[in-house]
Number of protein chains: 2
Amino acid sequence: MKTSPSKITIVEVARQAGVALGTVSRVLNNDAHVAPETRERVNAVIQELGYVANRQARGLRNMKTNVVGVLVPDLASSYIGQILHGIDSELALNRLELMLFTTHRAPVKEAAYVASMVQGMVDGLLLVLPRNFEDYMGTLARHNFPFTLIDHQGTGSPCPAVGTTNRQGAYSATEYLLGLGHRRIGFITGSMELGCSQERLDGYHSALRAFGLPDAPELVYEGDFRQTDGYAGASALLDLPEPPGAIFASNDLMAMGAMDAARSRGLRIPEQVSIIGFDDIPQAAMLRPSLSTVQQPLEEMGRAATRMLLGLMKNPQEQAARLELPTRLIVRDSTAAPGG
Amino acid sequence: MKTSPSKITIVEVARQAGVALGTVSRVLNNDAHVAPETRERVNAVIQELGYVANRQARGLRNMKTNVVGVLVPDLASSYIGQILHGIDSELALNRLELMLFTTHRAPVKEAAYVASMVQGMVDGLLLVLPRNFEDYMGTLARHNFPFTLIDHQGTGSPCPAVGTTNRQGAYSATEYLLGLGHRRIGFITGSMELGCSQERLDGYHSALRAFGLPDAPELVYEGDFRQTDGYAGASALLDLPEPPGAIFASNDLMAMGAMDAARSRGLRIPEQVSIIGFDDIPQAAMLRPSLSTVQQPLEEMGRAATRMLLGLMKNPQEQAARLELPTRLIVRDSTAAPGG
DNA sequence: CGAATTTATGGAAACGTTTCCATGATATTA
DNA sequence: TAATATCATGGAAACGTTTCCATAAATTCG
């Protein structure tokens with residue numbers, strides 16, 4: 001074994017195979033115009049030398065990178081992790097690489113940051129849960145750069161995006177509680193600057209209205225998706241003069257906090273208070289009692305968005321579409337009829 | 001605004017600034033040999049055109065990519081997320097990009113996969129929790145390719161690696177429980193094929209021995225880091241004829257399962273049974289009762305490993321070092337003296 | 001069997017940078 | 001002031017590919 005076999009290029013392969021370097025390239029790209037025996041000989045040399053094409057040179061020549069950029073707000077939550085997983089597996093199918101960017105990296109000039117990746121760093125961009133998308137939307141549009149939004153509520157102008165039926169999911173969950181016989185249902189919101197939080201609240205309200213129930217603003221607590229918000233929210237709700245018999249938290253983490261709050265008041269779940277969440281994180285099934293919730297197809301969101309982006313990369317003129325994946329009500333042990 | 005300003009290259013900048021393209025390059029790279037006024041003029045044009053250097057061309061010329069590859073087993077757990085966060089922020093400081101790879105992407109020829117990234121795709125590699133590292137260790141070494149292992153117990157040959165003091169952490173936790181007066185302490189292991197699990201078990205055993213306690217194999221339950229393992233393990237331990245008064249789970253997730261198991265038996269925590277975990281995931285502090293645990297500096301691990309890799313990238317001949325970051329015992333409400 | 005057509009291959013240009021070398025201009029020194 | 005050192009800049013080569021064009025060989029067909 002040689003000590004430094006790092007410098008094996010296409011020309012070295014050509015030399016050893018006794019052909020022109022153009023021919024080697026043709027072999028690599030499965031060009032039809034290569035004699036079978038030549039192809040075989042070249043492939044043998046490639047194998048022997050362990051040659052692998054330099055991506056930079058290839059990218060420079062082809063004007064593309066075979067890399068897709070993914071911009072995420074953070075990495076802590078498994079929520080993002082699951083979406084990333086879906087993206088990753090779909091990219092792998094298409095032999096594309098994933099370059100990861102986090103929003104907080106460039107707090108000042110996010111727009112300039114995006115501009116730089118647009119210029120030859122990646123071939124397309126997936127924006128997960130973008131917060132101030134308006135800042136760089138212009139840059140992307142101007143460069144005609146392929147991108148897709150994940151879990152972001154459009155801001156008027158139609159953008160390619162993938163989301164879930166937040167409103168419908170919240171509606172179903174509320175409807176389910178109402179069907180059990182609950183009439184006072186508390187609601188803990190997510191971060192209200194996010195479209196998905198607003199939609200969930202809207203779904204909750206719609207279901208109540210559909211059942212002819214009056215508005216009860218005291219039953220809505222504004223949270224921010226953190227477990228402690230769930231605890232605080234449920235505490236506030238349960239300490240009301242006329243406390244709710246069921247609590248709907250806008251995500252599972254807050255539902256867990258709500259469970260803690262109920263328990264610390266000596267309330268049994270679900271006999272004395274029902275609790276339902278949103279997301280269906282892996283832990284939801286493992287809690288005691290296991291948590292009823294609204295499942296979001298996170299991984300599938302990643303996959304779908306990636307497929308959409310790939311379509312855009314092939315054909316940039318393609319019509320911008322907004323895809324809404326269905327949520328699903330998962331009934332477990334944390335919900336029951338009141339006084340059950 | 002032009003319709004397609006995508007093609008602004010260094011030569012266009014040079015033309016508009018009335019200089020040779022070499023001069024523009026010098027400006028870009030802060031070469032000292034440029035007259036201040038020329039520099040200013042060129043910068044103005046760069047600004048105006050919104051020029052940004054093509055990474056591929058730059059990489060091709062410089063024989064490097066300014067991209068660091070990170071190979072992770074999966075993305076679901078927040079454990080990986082925190083390490084990634086540390087890596088990411090340290091890379092950002094050094095203006096490097098992060099390319100993410102997941103192990104399961106290439107189930108068959110992992111080694112060939114690594115070989116390909118070694119060839120010009122990235123400048124260095126961070127391997128998080130690698131499972132069958134031996135397969136491609138050879139490739140990396142042969143190419144003299146810079147890499148650093150994160151949370152992997154060396155397999156004999158000395159490799160640059162960053163880990164935590166698993167043994168010491170487990171020792172401290174056990175010692176703490178012993179100090180409270182506990183004498184029967186149950187232990188739930190992690191996945192025993194991982195070095196860190198073995199080290200934690202070892203720390204537990206050492207502490208018991210240091211206190212002159214006899215071996216009690218029935219108090220050790222083999223788990224696999226999942227919450228359900230914690231539930232099953234704690235159930236088994238608590239159903240022993242002589243159940244332990246404290247349970248030490250090898251991670252927080254299993255500790256949560258153990259808490260559920262204790263509660264479902266009507267046991268109060270910590271009065272009737274103490275429970276302690278490992279990791280200090282964000283949720284640990286929010287549980288009721290809040291979970292005592294051994295904190296791992298995950299983010300710092302990512303940072304430290306990145307720094308180590310950067311050193312190796314600068315100077316490939318650097319001595320392989322193994323860095324162990326200290327764990328820290330976090331006492332919360334889930335542990336107390338027996339019968340307290 | 002010669003002309004036309006297809007096919008395999010060699011050679012060269014191009015992608016957008018960086019860096020080396022050369023050159024002319026300016027500053028320094030004897 | 002002449003010789004020399006310093007400096008800014010232009011020009012060109014090189015990085016490793018892909019692809020176009022040309023050419024030579026092989027095949028088809030009248």
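Every chain is numbered from 1, with letters handed out A, B, ... down the list of sequences.
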Below the 4.0 Å mark, does [N] have OP1 or OP2 next to a side-chain nitrogen or oxygen of [X]?
| X | N | value |
| --- | --- | --- |
| A/Arg58 | D/dT18 | yes |
| B/Asn29 | C/dT18 | yes |
| B/Ser25 | C/dT18 | yes |
| A/Thr23 | C/dG10 | yes |
| A/His33 | C/dT7 | no |
| A/Thr38 | C/dA8 | no |

Protein-nucleotide distance ([X], atom [atom1]; [N], atom [atom2]), rounded to Å:
| X | N | atom1 | atom2 | answer |
| --- | --- | --- | --- | --- |
| A/Arg15 | D/dT17 | CZ | C1' | 19 Å |
| B/Ile8 | C/dC15 | CD1 | P | 16 Å |
| A/Leu28 | D/dG16 | CG | P | 15 Å |
| B/Arg55 | D/dT17 | CZ | P | 20 Å |
| A/Gln56 | C/dT18 | CD | P | 13 Å |
| A/Arg61 | C/dA12 | CZ | C1' | 11 Å |
| B/Met63 | C/dT18 | CE | C1' | 13 Å |
| A/Asn54 | D/dT18 | CG | C1' | 13 Å |

message: Please evaluate residues A/Arg322 and A/Glu324 with respect to the criterion salt bridge (charged side-chain N to carboxylate O under 4.0 Å, His left out), reporting the C-alpha separation (whole Å), side-chain torsions for both, the decisive distance (0.1 Å), and the verdict.
response: CA-CA 7 Å; A/Arg322 175 166 178 81; A/Glu324 294 244 311; 3.1 Å; yes
statement: Here the pair of heavy atoms bringing B/Gly124 nearest to B/Met313 is CA-SD, 4.1 Å
message: Does the plane of the ring in A/Phe133 sit parallel, tilted or perpendicular to the ring in A/His152? Use 30° and 60° as the thresholds.
response: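 It falls in the perpendicular class, over 60°.
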query: Across the strands shown, which category fits A/Val11 at heavy-atom distances under 4.0 angstrom: base, sugar-phosphate, nothing?
result: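 Here A/Val11 touches no strand at all.
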message: Does B/Asp31 reach a base, just sugar-phosphate, or nothing at all? Heavy atoms under 4.0 Å.
response: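 The residue B/Asp31 makes no contact with any strand.
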message: Within the supplied structure, the quantity of interest is the number of heavy atoms (other residues, nucleotides, ligands) at a distance under 6.0 Å from B/Glu40 CD; does it exceed 12?
response: no
Residue met sooner reading DNA chain C from 5', once A/Glu37 and A/Asn62 are mapped to nucleotides: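 Nearest-nucleotide comparison on DNA chain C picks A/Glu37.
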statement: Assign each of B/Leu21 and B/Leu60 the nucleotide of DNA chain D bearing its closest heavy atom; nearer the 5' end lies the nucleotide of B/Leu21
message: Go through it in stages, so that I can follow the logic: the residues are A/Arg303 and A/Glu299, the test is salt bridge (charged side-chain N to carboxylate O under 4.0 Å, His left out), and I'd like the CA-CA distance, side-chain angles, deciding distance and then a yes or no.
response: CA-CA 6 Å; A/Arg303 294 192 118 90; A/Glu299 199 179 316; 3.1 Å; yes
